[in-house]
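One structure below.
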Amino acid sequence: MNAASSLPVTLADVEAARELLKDIIAFTPIESSRALGRMTGSEVFFKCENLQRAGSFKVRGAYVRMARLSPEERARGVVAASAGNHAQGVAVAAKALGIKARIYMPVGVALPKLAATRGHGAEVVLHGYNVDESLAEAERYANETGAVFVHPFNNVDVVSGQGTIGLEILDQIPHVDTVIMGVGGGGLLAGVSVAIKARAKELGREIRVIGVQAENAAAYPPSLAADALVPLKRVSTMADGIAVGRPGQLPFSIIRELVDDVITVSEDSLARALIFLLERAKMVVEPAGAVGVAALLEGKIENPGTTAVILSGGNIDPMLMLKVIQRGLSAAGRFLTVRMMLNDRPGSLATISRIIAENDANVTGVDHTRVGGSISMGDVSITVNLETKGHEHCEQVLTALRSEGFQPIVVH
């Protein structure tokens, strides 16, 4: 904290941003999670930015950045790049301020995010296959036309706007011990850490701030270890909102000074977190917004105390939701797919059905085929989808099948 006075964003910047946003954004609620609290042995709260305008926290930083443009800059319009949430934040802010917005999004971006961005009045151009490629094209367009580039995280005003979430958390949970959130480029984590750490210092107490990344899109751990930006060669995660291959220099300079830790979670734990939020918290949250919950479910944060988890966004493609639900159920042992080779004679399938029923599992689908390169004459391949009740129940069903002479191969 000795370096706080020399950081590019200060508590005064965040407080000024809060004044700008007073009549623009929603003061999102804090919800207690008794279920997650019991699992972690602590008090856990969700800061519900998934209920923010445009479905995520991004409108905060975008509006602060654009509200401070000069009349001449506003006349030139703005350009941005995003996989969805920053795009919608910029579009909403541009509409409120009467500024023309052009936004680059990756090819294959989720249809709901694309439609919502256009619905807010922005011009959308699809370019590249990831956010980094879209960012490069947006910067090229800005240099070529004079449009103002609104970076999603590498800007003082943007970071200040995102930091207002930290002030709200302290107003809503004054006794908070740990604040957890996802991190992609770093704007949210940097801004919130400035607000939380500065206020904690004023109060004479310690509050931990922890960032969480998807393990296949985790540029911050190696960058922090090297004390320099280390870009990733490849990014692959369902959490498109934090799928950033290179940290921002400005947020990195703050995060390395203030943040207590940046940890990673697996894709399976992300899927389980989304299922947990749907079932236990009744919250629709996108994967990037659920990484903090995944970290707690995995037990990766020791002694968290009173904990605030920022659910940073709720803009999830329904098609992705279907895939995530299946993966989450499978990871939790509640969905099991097995394949077996049988003698092609009457009664074999009936025997399998009996074993499954006797072990209280539910068949949700069966695929029966006699044709295939590995299937011998007189044999048949059976693939069975089962609804199960956890990993122990899965093993019970598999053991019962083996005891009857079958050789089930687990597919999912």
Side-chain angles (χ1 to χ4, degrees), residues 31-50 110 178 180-184 210-218 235-243 261-302 304 307-338 361-362 364 385-398 410-412:
E31 296 289 341
S32 173
S33 176
R34 290 187 293 274
L36 193 50
R38 285 193 297 271
M39 293 179 188
T40 60
S42 58
E43 192 176 26
V44 179
F45 295 90
F46 298 143
K47 175 62 171 170
C48 302
E49 283 294 291
N50 58 313
T178 304
I180 308 169
M181 72 215 76
V183 52
I210 296 174
V212 187
Q213 293 198 293
E215 63 183 21
N216 295 327
V235 171
S236 176
T237 176
M238 71 176 78
D240 60 347
I242 54 173
D261 199 6
V262 177
I263 60 180
T264 64
V265 293
S266 68
E267 296 294 291
D268 279 348
S269 68
L270 264 177
R272 285 194 295 269
L274 288 173
I275 296 294
F276 174 88
L277 287 163
L278 281 171
E279 287 190 328
R280 307 303 296 272
K282 317 307 176 194
M283 287 282 179
V284 176
V285 181
E286 62 189 275
V291 289
V293 174
L296 287 174
L297 289 173
E298 279 196 7
K300 290 204 166 186
I301 301 170
E302 295 182 0
T307 304
V309 183
I310 299 175
L311 306 181
S312 57
N315 296 315
I316 184 168
D317 180 0
M319 293 303 295
L320 175 61
M321 177 72 82
L322 287 173
K323 296 175 184 177
V324 168
I325 287 174
Q326 186 174 24
R327 180 165 184 161
L329 291 175
S330 179
R334 293 170 55 189
F335 182 83
L336 176 66
T337 299
V338 295
N362 184 39
T364 61
N385 298 325
L386 303 172
E387 182 182 1
T388 48
K389 300 173 183 178
H391 294 294
E392 290 185 5
H393 188 213
C394 288
E395 193 54 43
Q396 175 187 327
V397 173
L398 293 170
V410 176
V411 180
H412 295 294

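We use all heavy atoms of the structure for the numbers below, so side chains are in, but hydrogens, waters and symmetry mates are not.
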Heavy-atom side-chain proximity of T178 to I210 below 4.5 angstrom = yes
Below 4.5 Å, heavy atoms only, C-beta onward: do L36 and L297 meet side chain to side chain?
-> yes
Which of M319, M238, E267 passes side chain to side chain contact (heavy atoms under 4.5 Å, CB included) with V324? Answer is M238
How many angstroms lie between CG in L336 and CD in E395, if you round to the nearest 0.5 Å?
-> 9.5 Å
Report yes if some heavy atom in the side chain of V397 is under 4.5 Å from a heavy atom in the side chain of L386; otherwise report no.
-> yes
Please tell me if the side chains of V44 and L296 come closer than 4.5 Å, counting only heavy atoms from C-beta onward.
-> yes
For the residue pair A243 and V235, what are the closest heavy atoms and their distance?
-> CB-CG1, 3.6 Å
Does the side chain of I310 come within less than 4.5 Å of F46's, by heavy atoms?
-> no
Would you give the length of the straight line joining atom CD1 of I325 to atom CG of L278, rounded to the nearest 0.5 angstrom?
-> 5.5 Å
Distance-only polar pair, side chains of T307 and E43, donor-acceptor under 3.5 Å | no
At their closest point, which heavy atom of A290 faces which heavy atom of V285, and how far apart are they?
-> N-CG1, 3.8 Å
CE/M181 to CG/L311 distance, rounded to the nearest 0.5 angstrom?
-> 11.5 Å
Just do the side-chain contact (heavy atoms from CB on, under 4.5 Å) check on I242 and V212 with the steps written out, would you?
-> CA-CA 10 Å; I242 54 173; V212 187; over 6 Å; no
For residues P287 and I316, report the shortest heavy-atom separation together with the two atoms involved.
-> CD-CD1, 3.8 Å
Shortest non-hydrogen pair, L270 vs A239, comes out as CD1-CB, 4.1 Å
Taking NZ, NE, NH1 and NH2 as the nitrogens, is one of them in E279 or R272 under 4.0 Å from a carboxylate oxygen of the other?
-> no
Do E31 and M283 have side chains that get closer than 4.5 Å, going by heavy atoms?
-> yes
Does the pair D240 and E286 meet the rule for a side-chain contact (heavy atoms from CB on, under 4.5 Å), with working shown?
-> CA-CA 9 Å; D240 60 347; E286 62 189 275; 4.2 Å; yes
Output for pair (I275 CD1, R327 CZ), nearest 0.5 Å, gives 12.0 Å
Sub-4.5 Å side-chain heavy-atom contact between P304 and I301 = yes
Short question: side chain of H393, backbone of R334 - any donor-acceptor pair under 3.5 Å?
-> no
Are side-chain heavy atoms of K323 and M321 found at a separation under 4.5 Å?
-> no
Quick one: do the N385 and T337 side chains pair a donor with an acceptor below 3.5 Å?
-> yes
Between the side chain of E49 and the main-chain N/O of G313, is any donor-acceptor distance below 3.5 Å?
-> no
Counting only N and O atoms by type, is there a donor-acceptor contact under 3.5 Å from the side chain of K300 to the main-chain atoms of T264?
-> yes
Where is the tightest heavy-atom contact between T388 and F335, given as atom of each residue plus distance?
-> OG1-N, 3.5 Å
Tell me yes or no: between the side chains of E298 and S269, is some donor less than 3.5 Å from an acceptor?
-> yes
Do you know the tightest heavy-atom contact between S312 and G289?
-> OG-CA, 3.3 Å
